[in-house]
Amino acid sequence: MTTPATSSRASKAAKSLVGLGAIAVLLLAMLIFIRPTTVSTGPDQVALHYSDGAFTPRRFQDCVSSSTRAWDGPGDKHYSYPKSQRNYVFGEGGDRPMVTFVSKDGIEMSVDGVAAFLLNTDCKTLQKFHDLIGNRYAAYMDTTDGNGSAGWLQMLSVYLSRPLETAIDRASQNYTYTELYTDPAVKAKWEQEVLEQMPELVGRQIDGDEEFFTDFAITLQKPVPPESVKAALVAQQEAVAKAKAKEAEAAAQVKAAEAQVAVEKAEAAKISERIKVLGRDGYLKQYAIDHGLNPYQPSTNGLITGP
């Protein structure tokens with residue numbers, strides 16, 4: 001049976017539980033809205049700090065330098081970007097497939113390689129990059145291991161990959177496929193021409209005069225034609241090698257014949273000089289003696305015969 005005293009105690013307990021619940025909700029709300037945010041950059045990273053709390057507008061605040069830990073306001077955002085050299089690999093197992101292009105003589109070829117560059121991390125420039133490009137593609141780092149995000153690769157496919165294709169295609173118009181495939185000097189010159197075009201072509205992708213990407217370096221592997229063209233080129237090279245071998249053999253035979261003629265002429269000149277000294281009969285007698293013959297054979301002209 002419930003007494004007035006028991007009912008009063010139950011009511012007080014319920015009120016206490018409600019009060020504790022309200023305090024818990026209030027503490028949770030304080031943790032959500034008042035807890036500071038933090039960022040920790042690696043030695044090859046920098047970060048951008050934007051205010052974005054519940055009662056503050058999203059606005060750029062400052063840059064966070066490398067190897068730094070910082071605490072900022074509740075709800076603020078930090079966007080990390082790489083400070084060290086980045087490599088964009090094209091080819092098997094890379095960031096994109098091989099680049100295809102057409103040579104001066106109309107042969108389609110493929111090449112793999114690496115395009116290296118730096119992201120300009122000057123504070124104001126990096127802020128512009130983030131506002132115009134990085135935030136649109138979510139190109140900032142989303143891990144702490146220094147690797148780029150999927151958005152980073154998507155951004156590079158627009159702002160680096162397309163200019164790279166154009167630079168390779170333009171430079172390739174100056175050379176035939178055999179020059180690019182077989183001549184290392186031509187390949188090096190072609191690679192340099194691609195590199196020289198990169199800053200301008202990348203800059204065309206960007207609104208304004210800012211240089212968001214700098215310090216380009218290009219490494220191109222040996223470009224390859226289709227297998228059918230490669231087989232024809234090998235057959236052609238083999239035919240040329242055989243022809244050169246035959247030419248060399250014929251030239252050697254001519255040289256040997258010329259040497260033999262020279263020896264015979266020298267021997268004839270030597271004989272002529274000896275004849276001048278010994279006379280014709282004297283030379284013949286000396287020749288016979290030198291070769292083991294007897295030039296003084298007995299003759300019947302001096303024999304006395306009976307009547």
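Predicted, not measured: the structure shown is a model, and the values here were computed from it.
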Notebook entry, point to check: With the threshold set at 4.0 Å, does a side-chain nitrogen-carboxylate oxygen contact exist between Glu165 and Arg96?
Noted result: yes
Value rounded to 0.5 Å, distance of [atom1] in [X] from [atom2] in [Y]:
X: Ser172; Y: Lys104; atom1: OG; atom2: NZ; value: 12.5 Å
X: Leu48; Y: Asp131; atom1: CG; atom2: CG; value: 8.0 Å
X: Ile206; Y: Glu210; atom1: CD1; atom2: CD; value: 8.0 Å
X: Phe117; Y: Leu156; atom1: CZ; atom2: CG; value: 4.5 Å
X: Gln205; Y: Met155; atom1: CD; atom2: CE; value: 12.0 Å
X: Thr125; Y: Gln127; atom1: OG1; atom2: CD; value: 9.5 Å

Next item on the list: Kindly determine whether Arg58 and Asp52 satisfy salt bridge (charged side-chain N to carboxylate O under 4.0 Å, His left out), including the steps that lead there.
Entry: CA-CA 4 Å; Arg58 177 174 293 183; Asp52 196 23; 2.9 Å; yes
Tell me the closest heavy-atom pair linking [X] and [Y], and the distance in Å.
X: Ala115; Y: Ile218; result: CB-CD1, 3.7 Å
X: Ser66; Y: Thr68; result: O-OG1, 3.0 Å
X: Met141; Y: Pro82; result: CE-CB, 3.3 Å
X: Ile107; Y: Pro226; result: CG2-CD, 4.1 Å
X: Lys222; Y: Lys187; result: N-CE, 4.3 Å
X: Phe60; Y: Cys123; result: CZ-SG, 3.9 Å

Indicate yes or no for a side-chain donor-acceptor contact from [X] to the backbone of [Y] under 3.5 Å, with no hydrogens or angles considered.
X: Thr38; Y: Ala70; result: yes
X: Ser40; Y: Arg69; result: no
X: Asp183; Y: Leu180; result: no
X: Thr182; Y: Thr178; result: yes
X: Glu179; Y: Thr176; result: yes
X: Asn120; Y: Glu211; result: yes
X: Ser272; Y: Ala269; result: no

Is there a path of hydrophobic side-chain contacts, each under 4.5 Å between heavy atoms, that joins [X] and [Y]?
X: Val202; Y: Val114; answer: no
X: Trp152; Y: Leu118; answer: no
X: Leu153; Y: Leu160; answer: yes
X: Ile168; Y: Val89; answer: no

Next item on the list: Kindly indicate, with the supporting measurements, whether the criterion side chain to side chain contact (heavy atoms under 4.5 Å, CB included) is fulfilled by Trp190 and Ser103.
Entry: CA-CA 11 Å; Trp190 169 64; Ser103 63; over 6 Å; no
Could you check whether any side-chain heavy atom of [X] comes within less than 4.5 Å of a side-chain heavy atom of [Y], counting everything from C-beta outward?
X: Gln45; Y: Tyr81; value: no
X: Val46; Y: Leu126; value: yes
X: Pro223; Y: Tyr181; value: no
X: Gln192; Y: Lys189; value: no
X: Ser67; Y: Pro43; value: yes
X: Met109; Y: Thr100; value: no
X: Phe216; Y: Val194; value: no
X: Leu201; Y: Arg170; value: yes

[X] atom [atom1]: more than 12 heavy-atom contacts under 6.0 Å:
X: Glu193; atom1: CD; answer: yes
X: Lys77; atom1: NZ; answer: yes
X: Lys128; atom1: NZ; answer: no
X: Glu92; atom1: CD; answer: no

Check: Would Ser51 and Gln61 satisfy side-chain hydrogen bond (donor to acceptor under 3.5 Å, both in side chains), going step by step from the backbone distance to the final call?
Finding: CA-CA 7 Å; Ser51 61; Gln61 296 298 318; 3.1 Å; yes
Next item on the list: Report the C-alpha separation of Tyr177 and Val102 in whole Å, then their side-chain angles, then the decisive distance to 0.1 Å, and conclude whether the side chain to side chain contact (heavy atoms under 4.5 Å, CB included) test is met.
Entry: CA-CA 8 Å; Tyr177 85 95; Val102 178; over 6 Å; no
Checklist line | Tyr50 ring center within less than 6.0 Å of His130 ring center | finding: yes
Notebook entry, point to check: So, for Tyr159 and Phe213, is the gap between ring centers shorter than 6.0 Å?
Noted result: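 Ring centres of Phe213 and Tyr159 not closer than 6.0 Å.
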Next item on the list: For the pair Asp105 and Tyr175, evaluate side chain to side chain contact (heavy atoms under 4.5 Å, CB included) and give the outcome as yes or no after the intermediate values.
Entry: CA-CA 8 Å; Asp105 47 354; Tyr175 307 102; over 6 Å; no
Item checked: Results of side chain to side chain donor-acceptor pair (under 3.5 Å) for Asn87 - residues two or more places apart only -> Gln85
Check: What's the verdict on side chain to side chain contact (heavy atoms under 4.5 Å, CB included) for Thr41 and Lys83, showing C-alpha distance, side-chain angles and the deciding distance?
Finding: CA-CA 10 Å; Thr41 56; Lys83 185 178 181 181; over 6 Å; no
Check: Can you check side-chain hydrogen bond (donor to acceptor under 3.5 Å, both in side chains) on Arg86 and Ser84, steps first, answer last?
Finding: CA-CA 6 Å; Arg86 300 285 97 180; Ser84 59; 3.0 Å; yes
Margin query: Run Gln260 and Glu264 through side-chain hydrogen bond (donor to acceptor under 3.5 Å, both in side chains) and show every step you take.
Written below: CA-CA 6 Å; Gln260 182 63 32; Glu264 292 175 354; 3.3 Å; yes
